[in-house]
There are 2 protein chains.
Amino acid sequence: MKLSTKSEYACLALIELAEHYGSGWVTIEDIARRQHIPKKYLENIMLIMNRAGYLISKRGIHGGYQLSKEPGSISIAEIVRLMDGALAPVRSVSKYYYEHTPITQNKRLLSLMADIRDYIANKLEKTTFKDLTG
Amino acid sequence: MKLSTKSEYACLALIELAEHYGSGWVTIEDIARRQHIPKKYLENIMLIMNRAGYLISKRGIHGGYQLSKEPGSISIAEIVRLMDGALAPVRSVSKYYYEHTPITQNKRLLSLMADIRDYIANKLEKTTFKDLTG
DNA sequence: CACAAAGTCTATCAAATTAGTAGACAATTT
DNA sequence: AAATTGTCTACTAATTTGATAGACTTTGTG
(Lines give C-alpha, C1' and ligand atoms only; values in the text may rest on other atoms or scores of the structure.)
Protein backbone atom coordinates (compact mmCIF):
# COMPACT_ATOMS: atom_id res chain seq x y z
CA MET A 1 0.00 0.00 0.00
CA LYS A 2 2.17 2.79 1.27
CA LEU A 3 -0.15 5.73 1.63
CA SER A 4 0.95 8.98 0.04
CA THR A 5 0.60 12.19 2.00
CA LYS A 6 -2.18 12.95 -0.44
CA SER A 7 -4.23 10.08 0.97
CA GLU A 8 -3.34 11.08 4.49
CA TYR A 9 -4.35 14.68 3.90
CA ALA A 10 -7.56 13.61 2.17
CA CYS A 11 -8.55 11.48 5.15
CA LEU A 12 -7.77 14.24 7.60
CA ALA A 13 -9.80 16.70 5.55
CA LEU A 14 -12.78 14.35 5.39
CA ILE A 15 -12.58 13.73 9.12
CA GLU A 16 -12.70 17.47 9.60
CA LEU A 17 -15.78 17.70 7.37
CA ALA A 18 -17.34 14.68 9.04
CA GLU A 19 -17.08 16.45 12.37
CA HIS A 20 -18.92 19.43 10.97
CA TYR A 21 -21.46 17.31 9.12
CA GLY A 22 -24.83 19.04 9.14
CA SER A 23 -23.52 22.34 10.42
CA GLY A 24 -22.69 24.45 7.41
CA TRP A 25 -19.71 25.21 5.25
CA VAL A 26 -16.08 24.69 6.12
CA THR A 27 -13.38 26.48 4.15
CA ILE A 28 -10.17 25.04 2.76
CA GLU A 29 -8.35 27.63 4.82
CA ASP A 30 -9.87 26.32 8.04
CA ILE A 31 -9.13 22.71 7.23
CA ALA A 32 -5.59 23.55 6.18
CA ARG A 33 -4.93 25.46 9.37
CA ARG A 34 -6.48 22.93 11.71
CA GLN A 35 -4.87 19.88 10.09
CA HIS A 36 -1.57 21.51 9.12
CA ILE A 37 -1.99 20.90 5.41
CA PRO A 38 -0.43 23.19 2.77
CA LYS A 39 -3.41 25.21 1.56
CA LYS A 40 -2.63 25.14 -2.15
CA TYR A 41 -2.05 21.40 -2.07
CA LEU A 42 -5.29 20.87 -0.18
CA GLU A 43 -7.14 22.77 -2.91
CA ASN A 44 -6.15 20.11 -5.42
CA ILE A 45 -7.11 17.32 -3.08
CA MET A 46 -10.52 18.79 -2.34
CA LEU A 47 -11.12 19.25 -6.05
CA ILE A 48 -10.51 15.56 -6.69
CA MET A 49 -12.89 14.52 -3.95
CA ASN A 50 -15.44 17.05 -5.14
CA ARG A 51 -15.34 15.71 -8.69
CA ALA A 52 -15.64 12.18 -7.37
CA GLY A 53 -18.88 13.18 -5.70
CA TYR A 54 -17.94 13.17 -2.05
CA LEU A 55 -18.30 16.90 -1.53
CA ILE A 56 -20.64 19.80 -2.08
CA SER A 57 -19.00 23.16 -2.56
CA LYS A 58 -20.07 26.73 -2.45
CA ARG A 59 -18.05 29.69 -3.65
CA GLY A 60 -17.86 33.22 -2.33
CA ILE A 61 -18.12 34.65 1.14
CA HIS A 62 -19.42 32.13 3.66
CA GLY A 63 -18.71 29.43 1.13
CA GLY A 64 -16.70 26.28 1.63
CA TYR A 65 -17.25 22.55 1.57
CA GLN A 66 -19.59 20.00 3.05
CA LEU A 67 -19.80 16.26 2.76
CA SER A 68 -22.31 15.28 0.11
CA LYS A 69 -23.42 12.25 2.13
CA GLU A 70 -23.35 10.79 5.61
CA PRO A 71 -19.92 10.16 7.11
CA GLY A 72 -21.09 6.62 7.82
CA SER A 73 -21.51 5.94 4.12
CA ILE A 74 -17.98 6.85 3.04
CA SER A 75 -15.28 4.26 3.63
CA ILE A 76 -11.58 4.90 4.01
CA ALA A 77 -11.01 2.39 1.21
CA GLU A 78 -12.85 4.57 -1.31
CA ILE A 79 -10.77 7.60 -0.50
CA VAL A 80 -7.44 5.79 -0.50
CA ARG A 81 -8.31 4.15 -3.83
CA LEU A 82 -9.29 7.53 -5.22
CA MET A 83 -6.02 9.12 -4.17
CA ASP A 84 -3.48 6.31 -4.41
CA GLY A 85 -5.04 3.55 -6.45
CA ALA A 86 -4.63 -0.08 -5.43
CA LEU A 87 -4.81 -1.13 -1.80
CA ALA A 88 -2.97 -4.37 -2.57
CA PRO A 89 0.76 -4.78 -1.81
CA VAL A 90 1.29 -5.86 -5.42
CA ARG A 91 -0.88 -5.09 -8.42
CA SER A 92 -1.04 -8.74 -9.41
CA VAL A 93 -3.46 -9.33 -6.52
CA SER A 94 -5.37 -6.10 -6.94
CA LYS A 95 -9.08 -6.35 -7.62
CA TYR A 96 -9.60 -2.93 -9.17
CA TYR A 97 -6.10 -2.17 -10.45
CA TYR A 98 -4.85 -5.55 -11.67
CA GLU A 99 -1.61 -5.67 -13.57
CA HIS A 100 1.06 -8.28 -14.29
CA THR A 101 4.02 -8.19 -11.86
CA PRO A 102 7.10 -10.38 -11.41
CA ILE A 103 5.47 -12.69 -8.87
CA THR A 104 2.41 -13.33 -11.04
CA GLN A 105 3.80 -16.76 -11.82
CA ASN A 106 4.35 -17.84 -8.21
CA LYS A 107 1.17 -19.20 -6.66
CA ARG A 108 2.35 -19.26 -3.07
CA LEU A 109 3.70 -15.72 -3.04
CA LEU A 110 0.54 -14.64 -4.80
CA SER A 111 -1.70 -16.21 -2.23
CA LEU A 112 0.33 -14.68 0.58
CA MET A 113 -0.10 -11.26 -0.98
CA ALA A 114 -3.77 -11.92 -1.63
CA ASP A 115 -4.31 -12.58 2.08
CA ILE A 116 -2.75 -9.23 2.87
CA ARG A 117 -4.81 -7.51 0.24
CA ASP A 118 -7.98 -9.05 1.64
CA TYR A 119 -7.20 -7.93 5.15
CA ILE A 120 -6.44 -4.37 4.11
CA ALA A 121 -9.41 -4.06 1.77
CA ASN A 122 -11.79 -5.53 4.30
CA LYS A 123 -10.51 -3.35 7.09
CA LEU A 124 -10.62 -0.13 5.10
CA GLU A 125 -13.96 -0.93 3.53
CA LYS A 126 -15.56 -1.57 6.88
CA THR A 127 -14.22 1.61 8.44
CA THR A 128 -16.13 4.78 7.63
CA PHE A 129 -15.51 8.40 8.44
CA LYS A 130 -18.19 8.17 11.09
CA ASP A 131 -15.94 5.69 12.89
CA LEU A 132 -13.14 8.23 12.90
CA THR A 133 -15.06 11.09 14.51
CA GLY A 134 -16.65 11.87 17.83
CA MET B 1 3.49 -1.34 1.69
CA LYS B 2 3.52 -1.47 -2.08
CA LEU B 3 6.31 -3.89 -2.91
CA SER B 4 8.87 -2.74 -5.44
CA THR B 5 9.91 -5.12 -8.18
CA LYS B 6 13.18 -5.29 -6.30
CA SER B 7 11.43 -7.02 -3.41
CA GLU B 8 9.52 -9.23 -5.77
CA TYR B 9 12.69 -10.25 -7.61
CA ALA B 10 14.53 -10.82 -4.34
CA CYS B 11 11.81 -13.18 -3.12
CA LEU B 12 11.75 -15.07 -6.38
CA ALA B 13 15.53 -15.43 -6.30
CA LEU B 14 15.50 -16.72 -2.73
CA ILE B 15 12.76 -19.18 -3.56
CA GLU B 16 14.93 -20.45 -6.37
CA LEU B 17 17.87 -20.84 -3.98
CA ALA B 18 15.64 -22.41 -1.34
CA GLU B 19 14.65 -25.06 -3.83
CA HIS B 20 18.29 -25.88 -4.47
CA TYR B 21 19.20 -25.70 -0.81
CA GLY B 22 21.89 -28.26 -0.02
CA SER B 23 22.64 -29.07 -3.62
CA GLY B 24 25.43 -26.79 -4.75
CA TRP B 25 25.84 -23.46 -6.43
CA VAL B 26 23.28 -21.65 -8.51
CA THR B 27 24.37 -18.84 -10.84
CA ILE B 28 22.78 -15.44 -11.29
CA GLU B 29 22.37 -16.36 -14.92
CA ASP B 30 20.26 -19.41 -14.07
CA ILE B 31 18.08 -17.54 -11.61
CA ALA B 32 17.63 -14.66 -14.04
CA ARG B 33 16.62 -17.00 -16.84
CA ARG B 34 14.27 -19.16 -14.80
CA GLN B 35 12.55 -16.26 -13.03
CA HIS B 36 12.64 -13.80 -15.91
CA ILE B 37 14.67 -11.20 -14.06
CA PRO B 38 17.01 -8.75 -15.87
CA LYS B 39 20.44 -10.23 -15.14
CA LYS B 40 22.28 -7.01 -14.41
CA TYR B 41 19.55 -5.87 -12.06
CA LEU B 42 19.58 -9.21 -10.29
CA GLU B 43 23.32 -8.84 -9.69
CA ASN B 44 22.66 -5.77 -7.55
CA ILE B 45 19.89 -7.49 -5.68
CA MET B 46 21.98 -10.56 -4.91
CA LEU B 47 24.78 -8.34 -3.70
CA ILE B 48 22.51 -6.66 -1.19
CA MET B 49 21.31 -9.98 0.15
CA ASN B 50 24.85 -11.30 0.23
CA ARG B 51 26.07 -8.35 2.27
CA ALA B 52 23.14 -8.73 4.61
CA GLY B 53 24.30 -12.26 5.32
CA TYR B 54 21.63 -14.33 3.60
CA LEU B 55 23.91 -15.76 0.92
CA ILE B 56 27.22 -17.50 0.39
CA SER B 57 28.91 -16.83 -2.91
CA LYS B 58 31.66 -18.38 -4.92
CA ARG B 59 33.33 -16.84 -7.95
CA GLY B 60 34.71 -18.46 -11.05
CA ILE B 61 33.66 -21.49 -13.02
CA HIS B 62 31.11 -23.62 -11.18
CA GLY B 63 30.61 -20.72 -8.83
CA GLY B 64 27.33 -19.10 -7.89
CA TYR B 65 25.19 -18.60 -4.81
CA GLN B 66 23.74 -20.64 -2.00
CA LEU B 67 21.58 -19.73 0.96
CA SER B 68 23.74 -19.19 4.04
CA LYS B 69 21.08 -20.72 6.29
CA GLU B 70 17.99 -22.90 6.21
CA PRO B 71 15.09 -21.64 4.12
CA GLY B 72 12.91 -22.14 7.19
CA SER B 73 14.91 -19.55 9.10
CA ILE B 74 14.50 -16.69 6.63
CA SER B 75 11.22 -14.79 6.71
CA ILE B 76 9.68 -12.83 3.88
CA ALA B 77 9.48 -9.87 6.25
CA GLU B 78 13.26 -9.68 6.56
CA ILE B 79 13.77 -9.60 2.84
CA VAL B 80 11.05 -7.06 2.15
CA ARG B 81 12.40 -4.81 4.91
CA LEU B 82 15.88 -5.17 3.46
CA MET B 83 14.73 -4.21 -0.02
CA ASP B 84 11.90 -1.76 0.57
CA GLY B 85 12.08 -0.64 4.17
CA ALA B 86 8.93 -0.32 6.25
CA LEU B 87 6.13 -2.87 6.00
CA ALA B 88 3.66 -0.41 7.49
CA PRO B 89 1.19 1.53 5.29
CA VAL B 90 2.45 4.75 6.90
CA ARG B 91 5.76 5.38 8.57
CA SER B 92 4.09 6.81 11.64
CA VAL B 93 3.09 3.28 12.66
CA SER B 94 6.31 1.62 11.57
CA LYS B 95 8.28 -0.23 14.22
CA TYR B 96 11.67 -0.18 12.51
CA TYR B 97 11.31 2.86 10.25
CA TYR B 98 9.30 5.29 12.34
CA GLU B 99 8.86 8.81 11.04
CA HIS B 100 6.38 11.62 11.57
CA THR B 101 3.58 11.73 8.95
CA PRO B 102 0.47 13.88 8.54
CA ILE B 103 -1.80 11.48 10.42
CA THR B 104 0.52 11.23 13.42
CA GLN B 105 -1.86 13.46 15.35
CA ASN B 106 -4.99 11.41 14.68
CA LYS B 107 -5.33 8.54 17.10
CA ARG B 108 -8.10 6.69 15.32
CA LEU B 109 -6.46 6.74 11.91
CA LEU B 110 -3.23 5.76 13.58
CA SER B 111 -4.76 2.77 15.27
CA LEU B 112 -6.42 1.71 12.04
CA MET B 113 -3.07 1.79 10.30
CA ALA B 114 -1.40 0.05 13.21
CA ASP B 115 -3.81 -2.86 12.86
CA ILE B 116 -2.86 -3.17 9.22
CA ARG B 117 0.82 -2.95 10.04
CA ASP B 118 0.44 -5.69 12.65
CA TYR B 119 -1.33 -8.00 10.25
CA ILE B 120 1.24 -7.54 7.52
CA ALA B 121 4.23 -7.82 9.82
CA ASN B 122 2.87 -10.87 11.55
CA LYS B 123 1.98 -12.57 8.30
CA LEU B 124 5.31 -11.91 6.63
CA GLU B 125 7.31 -12.73 9.73
CA LYS B 126 5.60 -16.07 10.12
CA THR B 127 6.10 -17.04 6.50
CA THR B 128 9.53 -18.40 5.59
CA PHE B 129 11.09 -19.40 2.32
CA LYS B 130 10.58 -23.01 3.29
CA ASP B 131 6.85 -22.33 3.17
CA LEU B 132 7.16 -21.08 -0.38
CA THR B 133 8.91 -24.13 -1.84
CA GLY B 134 8.16 -27.76 -2.44
C1' DC C 1 -22.20 48.12 -8.83
C1' DA C 2 -17.67 47.12 -6.93
C1' DC C 3 -15.04 44.37 -4.24
C1' DA C 4 -13.64 40.83 -1.31
C1' DA C 5 -13.84 36.11 -0.31
C1' DA C 6 -14.31 31.84 -1.54
C1' DG C 7 -13.75 27.64 -4.84
C1' DT C 8 -11.90 26.02 -9.88
C1' DC C 9 -8.68 24.78 -13.09
C1' DT C 10 -4.37 23.97 -15.60
C1' DA C 11 0.30 24.17 -15.75
C1' DT C 12 4.64 23.84 -13.92
C1' DC C 13 8.43 22.26 -11.01
C1' DA C 14 11.98 20.20 -7.88
C1' DA C 15 13.16 16.27 -5.38
C1' DA C 16 12.91 11.58 -4.59
C1' DT C 17 12.23 6.98 -6.02
C1' DT C 18 12.32 3.20 -9.19
C1' DA C 19 14.05 0.18 -12.44
C1' DG C 20 17.47 -0.65 -14.66
C1' DT C 21 22.40 -0.48 -17.46
C1' DA C 22 27.52 -0.03 -18.03
C1' DG C 23 31.87 -1.18 -17.37
C1' DA C 24 35.95 -2.07 -14.90
C1' DC C 25 37.63 -5.28 -11.46
C1' DA C 26 38.62 -9.65 -8.62
C1' DA C 27 38.66 -14.43 -7.82
C1' DT C 28 38.53 -19.21 -9.29
C1' DT C 29 38.98 -23.22 -12.13
C1' DT C 30 40.85 -25.70 -15.99
C1' DA D 1 46.52 -17.91 -19.85
C1' DA D 2 41.75 -17.85 -20.62
C1' DA D 3 37.11 -18.37 -19.50
C1' DT D 4 33.73 -17.88 -16.12
C1' DT D 5 31.51 -16.05 -12.42
C1' DG D 6 30.75 -12.76 -8.64
C1' DT D 7 31.87 -7.52 -6.94
C1' DC D 8 31.50 -2.82 -6.97
C1' DT D 9 30.47 1.93 -8.18
C1' DA D 10 28.51 5.03 -10.97
C1' DC D 11 25.23 6.55 -14.01
C1' DT D 12 20.72 7.33 -16.21
C1' DA D 13 15.91 7.62 -17.83
C1' DA D 14 11.28 7.54 -16.50
C1' DT D 15 7.91 8.04 -13.11
C1' DT D 16 5.88 9.56 -8.94
C1' DT D 17 5.36 12.69 -5.25
C1' DG D 18 4.54 16.83 -3.04
C1' DA D 19 3.83 20.62 -3.79
C1' DT D 20 3.34 26.00 -5.89
C1' DA D 21 1.66 29.68 -9.28
C1' DG D 22 -1.52 32.27 -11.25
C1' DA D 23 -5.46 33.31 -13.81
C1' DC D 24 -10.44 32.57 -13.61
C1' DT D 25 -15.35 32.02 -11.74
C1' DT D 26 -18.90 32.46 -8.53
C1' DT D 27 -21.24 34.54 -4.65
C1' DG D 28 -22.52 37.65 -0.98
C1' DT D 29 -22.29 42.33 1.02
C1' DG D 30 -22.19 47.30 1.49
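In what follows, chains are A, B, ... by sequence order, proteins preceding strands, each numbered from 1.
Under the side-chain contact (heavy atoms from CB on, under 4.5 Å) criterion, B:Lys123 pairs with A:Leu112, A:Asp115, A:Ile116, B:Tyr119, not counting sequence neighbours. Residues satisfying the side-chain hydrogen bond (donor to acceptor under 3.5 Å, both in side chains) test with A:Arg108, not counting sequence neighbours, are none.
Contact of the B:Gln66 side chain with the B:Lys58 side chain is not registered, since no non-hydrogen atoms from C-beta on lie closer than 4.5 Å.
Applying the salt bridge (Lys or Arg N to Asp or Glu O under 4.0 Å) test to every pair with at least one member in residues 125-134 of chain B, sequence neighbours left out, gives these pairs: B:Arg81-B:Glu125. Sorted by first then second residue, the ring pair (Phe, Tyr, Trp, His ring centres under 6.0 Å) pairs that include residues 39-83 of chain B, not counting sequence neighbours, are B:Tyr9-B:Tyr41.
The salt bridge (Lys or Arg N to Asp or Glu O under 4.0 Å) test with A:Arg34 is passed by exactly one of A:Glu16, A:Glu29, A:Glu19: A:Glu16.
When rounded to the nearest whole Å, the span between NE2 of A:His36 and P of D:dG18 equals 19 Å. Atom CG of B:Leu42 is separated from atom C1' of C:dT21 by 14 Å (rounded to the nearest Å). Atom C1' of nucleotide D:dG18 and atom CD1 of A:Ile37 are separated by 13 Å, given to the nearest angstrom. As rounded to whole Å, 11 Å separates atom P of D:dA19 from atom CD of A:Glu8. We find that CD1 of B:Ile45 is positioned 15 Å from C1' of D:dG6, with the value rounded to whole Å.
Judged purely by distance below 3.5 Å, without hydrogens or angles, the side chains of B:Ser75 and B:Glu78 pair a donor atom with an acceptor atom. In this structure, a donor-acceptor pair under 3.5 Å is present between the side chains of A:Glu8 and B:Thr101.
Interface residues of residues 95-102 of chain A facing DNA chain C, ordered by number: none; criterion, heavy-atom separation under 4.0 Å.
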Each nucleotide in nucleotides 6-19 of chain C should get exactly one letter: B, S or -. Can you fill that in based on protein heavy atoms under 4.0 Å? BBBBB--------B
